[in-house]
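Read the structure below first, then the notes.
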Amino acid sequence: MSNPHDAPLLELRNLTKTYGTGENATRVLKGLDLSLPRGGMIALLGVSGSGKSTLLNILGTLLRPTSGEFTMLGQDLFHADDATLTDFRNRHIGFVFQFHNLLPDFTALENVIFPTAVRDGVERAEVRRRGAELLDIVGLSDRIDFRASKLSGGQKQRVAVARALMNKPELILADEPTGNLDSKSAQQVMDLIKTVNEREKTTFLISTHDEGIAAQCESRVEIRDGRIS
Ligand code: ADP
Ligand code: MG
């Protein structure tokens, strides 16, 4: 009997992305197929310029593909309107970027809860409680009230992971999350991702060109020539 939980988290079929038009057209994704399992921890490899960030931005519904099929959690996201995509993103997707994008003058806790608080319009006690709990999970309970500018690079990236977890997303897209860190901090961030993946069953797709990072993931996909190879 088919179990709905066996269904993949998301599927792309024959997906293409072309930037620009005419003479300026750059074809980046050229008929890409991808299926991600629920709860996986997957490395996304590919040389610089191969389209890793393009793919992550499409999966994060921040960028529209040119053609193809895109479904996540059973929903057709290729044909969805902007309001639907925004709502979907807020509910189901978290982001961790290479550059943490924290607000330097805000505290660690404020950075974690800021996107949620802004959206809900009020900063409720429950939101603060969840933010503090997440900072504890990422090992920064003693840095809750530190300004982001006073944290190390690795600590900032751990705050960024906590921020991504705020809305309990099914999927976290991490674009070279360790690319800007020394090897020890990079390992701490990977250990954290593993812990979250196991505990919360959050699916992680992690772009990297570091084989050592990829080796710590459960599986890997590689973009080559606009397709998954
Ligand atoms: P990666 O993350 O693997 O380094 P990207 O997805 O950033 O690759 O870029 C893939 C290709 O798309 C590159 O050739 C890049 O120059 C091009 N590209 C990325 N963003 C844009 C854009 N907004 N407009 C035009 N070309 C772009
Ligand atoms: Mg990139």
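Every number for a ligand or one of its atoms is a count from 1 in the order of the listing. Note that the numbering runs from 1 along the sequence shown for the chain.
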Before accepting this row, confirm whether a basic side-chain N of the pair Lys52/Asp175 lies closer than 4.0 Å to the acidic partner's carboxylate O. no

Between Arg158 and Asp191, does any NZ, NE, NH1 or NH2 come within less than 4.0 Å of an OD or OE carboxylate oxygen? no

Between [X] and [Y] (side chain of the first, backbone of the second, donor and acceptor by atom type, cut-off under 3.5 Å), is there such a pair?
{"X": "Gln157", "Y": "Pro177", "answer": "yes"}
{"X": "Asn167", "Y": "Arg91", "answer": "no"}
{"X": "Asn180", "Y": "Phe99", "answer": "no"}

Applying side-chain hydrogen bond (donor to acceptor under 3.5 Å, both in side chains), name anything that partners Arg27, two or more places apart in sequence or on another chain. none

Quick one: list whatever passes ring-ring contact (aromatic ring centres under 6.0 Å, His included) with Phe70, sequence neighbours left out.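 Partners of Phe70 under the ring-ring contact (aromatic ring centres under 6.0 Å, His included) test: none.
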
Which atom pair, heavy atoms only, marks the closest approach of Ile228 to Leu32?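 The answer is CG1-CG, 3.6 Å.
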
Please give me the minimum heavy-atom distance between Gly131 and Leu109, naming the atom from each residue. C-CD1, 3.5 Å

Sort by chain and number the protein N/O/S atoms found under 2.8 Å from the Mg ion (ligand 2). Ser53 OG

Taking non-hydrogen atoms within less than 4.0 Å of ligand 1, which protein residues qualify? Tyr19, Val28, Val47, Ser48, Gly49, Ser50, Gly51, Lys52, Ser53, Thr54

